[in-house]
Amino acid sequence: MEINDNNFERLANYLQQTLSPDPDVRRPAERFIESIEVSQNYPLLCLHLIDRPQVDMTIRVAAAIAFKNFVKRNWGWHLENEGPNKVCDADRTGIKGLIVPMMLKSPAGIQKQLSDAVSIIGKYDFPTKWPELIDEMIEKFATGDFHIINGVLQTAHSLFKRYRYEFKSQELWEEIKYVLDKLAKPLTELLQATLGLAEAHASNEEALRVIYGSLVLVCKVFYSLNSQDLPEFFEDNMETWMKAFHGLLTVDVPCLKTADDEDAGILEHLRSQICENLCMYAQKYDEEFGPYMPQFVTAVWELLVNTSIQTKYDALVSNALRFLSTVADRSHYRHLFEDPNVLASICEKVIIPNMDFRVSDEELFEDNPDEYIRRDIEGSDVETRRRAACDLVRTLSQNFEAKIIEIFGQYLQVLLAKYAENPTANWKAKDTAIYLVTSMASKGQTQKLGVTQTSELVPLPQFTQQQIIPELERADVNQLPVLKADALKFVMTFRTILGPQIIVATMPLVAKHLGAASVVVHTYAACTIDKILTMRGADKKPIVTKELLTPLSAELIAGLFAAITVQGSNENEYIMKCIMRVLNTLQDASLPFMIVVLPRLTDILSTVAKNPSKPHFNHYLFETLSLSVKLVCKADPNAVSSFEEALFPVFQGILQQDVLEFMPYVFQMLSLFLEIREGKSNIPDTYLALFPCLLTPALWERPGNVTPLIRLLCAFVRQASGQIAADDKLNGVLGVFQKMIASKNNDHEGFYLLQNLLLHYPAEELGRSMRQIFSLLFQRLSSTKTTKFVRSFIVFLCLYAARVGPQALMQMIDSIQAQMFGMVVDRVFIPDINKVSGEIEQKIVTVGITKLLCECPEMLADPYVIFWPRLLQTVVQLFELPPDESAIDGDTFVEIEDVPGYQAAYSQLNFAQSKPTDPLPDVTNVRQFLVQNLGKLAQTHAGKVGALIASLPPEHQEALQKYCAQSGVQIA
C-alpha cells in the first residue's frame, strides 16, 4: 500500500463504516481492514491519518484503535506462533520513529491508544531492540510542558505496569534494573519539581489540575517500579517519597474538589493511588516502611473519618480500608488496634458507615443490574466500600474475634430492631444486618462450595429461619427487592453450612423468585438454583436428584424462559446456565418439555447471532443446545435430522456472515450431529456440500477454529472417505495435516487427523501419499523436536505397526533412508516410550511394540537384535512405572494452556465432547497380549527368546513371570 491521498481517503471511509451500528455495513468493513493490515505501509498509513488535524476526530480515534489492534495482533505474532514476521522491518523502524513524538502531541483520546501501542511494542522490543525509547522519554521531562510530560508518564505507566504481575526472572530483573538506573532519579526529581510547582500555583485551579494529573501518573509509575522488589534507590530516598505521600494525603486543596457526586476527581485519584502504594509497602517492605507506619495509619484514619459517602470516593475509601487491613494483619502493628475504644471507634466511624446501602447502590440495583451483579456476586467488587469494609472486619476478627463479635452483636440487634419497627421504611437497616452477618461469618470460602468455615456472630440456621426464610416467603416477589436479593444471596453463600435439609426445603421458595420483575432478584434466583443443583452430599451424590426436581420442573422451566424475556435479561448468562443445569439434572425427565425448549433456544440463537455481545451467555446457550441434542437423540437417534433441519439455516447464516465468536461452537455441534449419525445413517448432501469450505485456508488461520475443525474433518473422514476420495479432496486434507504438523501448538491435532486417515481412509489411495507423510514427520523431528511431538510420533508409529504391520513400518522408514529404522528404535523408541501417557495411547504403544518384537523376523537378526531386549524392557516399564514427565533435551516449548493468563480462543463445549475411541478394540488385556505373543514367538524360536528375556534386569523378568502366571502362559 502506498502512502497517498487516495489510500488515506479509502482507509478513512472504511474506518467510518466500522463505527456503523448496522452489522451488514460494519462487518465487511472490519473484514476489509483485517485483510489489508498485513500489507506493507498499512500501520504507517494509520499513523499519518491519525496525525491529520483536518480529518474528523472520530475517524482519527478509530484509526488509533485500529493501529493499536494491529500492533496487538501482529507485532509479536512471529515470536509466539512460529510463523512469518507479519510486520516488515521497514514498518517497524518507521513506527518506532514516529510513535513517541506523535503520541506526545496528540489529544487525550488518541494519546491513550498510542500509549497502549507503545507498551505492546515495548513488551517485545524494550529495551534490547528499542534502547533509545527511555532516553527519548526522559529528555521530555526537561521541557516543562506538562501535556508532553503527562504523555511520557502515561507511556511509562503503560510500559512498566506489567512489572506488577510478571513472574520473577533474571531477564525481568535485568530490564527493571536498566529502567531504574535510567529513570529512578529523574522520576524523583520530577516529583520534587512538581510538588514545588503545586505550591507556586496554589491558587491557579487550571494549573493545579495538570500538575496533580502528573502526580497521579508519577505515583502509578512508582507502584510499578517497586512491585517486584524494593529498589535500592527508592530505599535510600524513602524519606523524600514518604514525606511527599504524607503531604498529599493531608493537604487540603479546595479548588480541586468537584461538585460531581459520581466521578472521582483528580485529588481522589491521587490519594487512592497513594493508599495503594502504602498498602504495597506495608505488605512487602514492612521492615523498611515500619518507621513511617504510625503516621500513615493516623493520616489514613483521619481521611476515612472525614470522607463522605458519595460514589466518587469509593476507590479512595476502598484502598484506604485495604491499607488498614494490611496493617492490622501484621502482628507487630496489632498494638495500634488493641485498645477496645479504638476497635469500637473503627467499627462505628469506619466499618458500619461503609457497609450501609447507599442511594447510589439502590440506583445501580435498579438501573444497571449487570454491574450490580458483577460487583456483588462475581467477586469483582474489590474496589467497593462494602468489600473493603468486609475484608477489614475479617482481618480484625481474626486477631480480636471476641471483642469484634461483642461490638457487632450490639449493632446487629439495633439494626434488626429498627427494621422490625417499620419494615417498609427501614429495609436498609436489615440489608446492612445481613451483610454484617455474612462478613463476620465467612471465614473460609470457595467458588464451588460457597462458605465452608464460619465465625458465627449469630447461629446461621437460626438466623436463616428467623430472618432469611420470611423474606422469601412473602407472597409478593416484587416487594422489597433488595432484601429478596440479599436473602437469595445468603442461601447461595451459606449453602454448604446450612445443610441439605434446609437447602432442599428452600428450592420452591427460590424458584418462585424467577418470576420477579427485578433483574437482580430473578438472576440471583437462577444462580442459587444452579449452585444448589451442583451440591453433593457425603456420599458424593447430588443432594437434589432427578426425582426431587421433577415435581418442580414445569415451574422452573416456565419461570426461567419467562425471566429471559424480561428487558435487561435477554442475554442473562445465569439464567441460561440454570436452564442447562436443570435439563442436565432432569435428564430424560426433561424430554416432555423439549417441544417448548428447543424452538425457544433456536430463536434466541438466531437473535444473538446477529450481534454477539455476551461470551458467557453464548457459551451456555450452545452448551444447552448440545445437551438438548444429546438427551433427545439418546432416546431417539433419528431425531438428529429434526435438529439439523431447525439449526442448519442458523448455522449457515453464522458461517456466511463470518461470525467469528460462534464458528468454533458451530463446528463442534456439526461434529456432534455427525457422530450421532455414525454407523446409523449416511451423511446427508448438506454436509458434503459444506466439506470443501472446511479446507479454506482462512478458516485455519484462526486459532479458535483449529480443534473443532479437526474434529469435524475427522468425522467426515470416518463417515465419508469414499466421497472424499471420489471428489479428489485427499490432497486438501493432507494440506491441513501438513499445516498442523508444522506448528508446535497444533501438531497433536495433525496426528489425530492422521490417525483417523490411517484407520478409515481407503488404504490403497492413502498408501500413495504415505512416504511423503513420513518424510514430513521426520523433517519436523529433526528441525524442532518437542516432547509433545515425540510422544505423538511414537504413538502414530506404533499404531501403524499395529494396523498396517511391523514389517511395513520398517520398510517405510528404511525407504526414506537406509538403516533409518534402527536409528528410530535406538534414538526415539527406547529413550522416550516411557513419556507416553494416557490409557489408550499406552495401549497403542504396547500393541505396536509387541507386534514389532513378535511379528517382525528382522528384529531377531542383526543389526536389530541388540534392540530386542531393550524394547521389551520399555514395554514392561510402561506397565510398571508412572509416565516420565520430564522434557527431552533442548525442548523449551511450553504447553500454551500452562502459560499464566492465557485465554484460549476455543471454548470446548462440555456437552458436545466426543468420546475417546479405541482404535484396537480387539485387544482387551495388554499384558496378556504381550506374553501370549511372546509365548508363540518362543515356540518358533526355541531358546533364542528365552535367552533374550534372560538378559533383562531381574525385576523386569519378575514382572514378565507375573504376567505369564496371570494369563496362564509359558514362555519356553
Side-chain angles (χ1 to χ4, degrees), residues 794-814 819-836 839-884 918-972:
I794 289 171
V795 172
F796 168 69
L797 294 179
C798 290
L799 182 65
Y800 194 90
R803 293 299 296 252
V804 183
Q807 286 178 296
L809 175 68
M810 182 181 287
Q811 288 161 8
M812 176 63 72
I813 294 173
D814 281 343
Q819 303 296 309
M820 192 167 168
F821 179 74
M823 287 188 273
V824 170
V825 173
D826 188 32
R827 297 179 194 175
V828 179
F829 276 157
I830 290 170
D832 294 321
I833 274 180
N834 290 110
K835 289 187 167 57
V836 174
E839 191 178 341
I840 290 173
E841 289 79 3
Q842 289 188 332
K843 177 181 178 179
I844 292 168
V845 169
T846 304
V847 173
I849 299 296
T850 300
K851 283 182 172 281
L852 266 176
L853 293 171
C854 302
E855 296 178 15
C856 189
E858 291 88 341
M859 286 299 297
L860 288 172
D862 287 331
Y864 300 128
V865 70
I866 59 166
F867 301 128
W868 197 97
R870 291 166 65 196
L871 267 180
L872 179 56
Q873 188 174 327
T874 62
V875 176
V876 174
Q877 285 169 192
L878 208 57
F879 295 147
E880 299 298 323
L881 298 175
D884 176 5
D918 183 352
L920 304 169
D922 297 341
V923 179
T924 53
N925 184 327
V926 283
R927 290 171 177 80
Q928 187 180 58
F929 181 81
L930 172 66
V931 292
Q932 283 177 345
N933 278 276
L934 287 173
K936 288 177 193 170
L937 184 68
Q939 288 171 6
T940 55
H941 294 76
K944 187 159 191 177
V945 173
L948 287 168
I949 290 174
S951 67
L952 293 179
E955 60 270 24
H956 292 73
Q957 292 184 50
E958 283 173 27
L960 276 174
Q961 286 164 5
K962 182 176 70 177
Y963 309 153
C964 289
Q966 289 166 348
S967 308
V969 171
Q970 276 192 328
I971 301 173

If you define the side chain from C-beta out and look only at heavy atoms, does anything of [X] sit under 4.5 Å from [Y]?
X    : Y    : result
T846 : F929 : no
L871 : I833 : yes
V804 : M812 : no
L881 : V876 : no
Q877 : H956 : yes
L930 : L960 : yes
P863 : Q819 : yes

* Asked: If you measure only the distance, is there a donor-acceptor pair under 3.5 Å linking the side chains of Q928 and Q966?
  ->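 Not at all, the side chains of Q928 and Q966 share no donor-acceptor pair under 3.5 Å.
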* To do: Quick one: list whatever passes ring-ring contact (aromatic ring centres under 6.0 Å, His included) with Y963, sequence neighbours left out.
  =>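 With neighbours one apart ignored, the set is F879.
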Reported [atom1]-to-[atom2] distance for the pair [X] and [Y], which is rounded to 0.5 angstrom:
X    : Y    : atom1 : atom2 : answer
L797 : M810 : CG    : CE    : 12.5 Å
N834 : I794 : CG    : CD1   : 9.0 Å
L937 : M859 : CG    : CE    : 11.0 Å
H941 : L934 : NE2   : CG    : 12.5 Å
T874 : D832 : OG1   : CG    : 10.5 Å
C798 : L809 : SG    : CG    : 8.0 Å

* **Inter- and intrachain pairs under side chain to side chain donor-acceptor pair (under 3.5 Å), touching residues 861-870, at least two apart** => D814-Y864, D826-R870
With a 3.5 Å distance limit and no angle check, can you tell me whether [X] reaches the backbone of [Y] through a side-chain donor-acceptor pair?
X    : Y    : value
Q842 : V836 : yes
K944 : L860 : yes
K843 : V923 : yes
Q957 : L952 : yes

* Taking only Lys NZ, Arg NE, NH1 and NH2, and the carboxylate oxygens of Asp or Glu, determine whether E880 and K962 approach each other closer than 4.0 Å. => yes
* Is it true that atom CD of E839 has more than 12 heavy atoms of other residues, nucleotides or ligands lying nearer than 6.0 Å? ->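 No.
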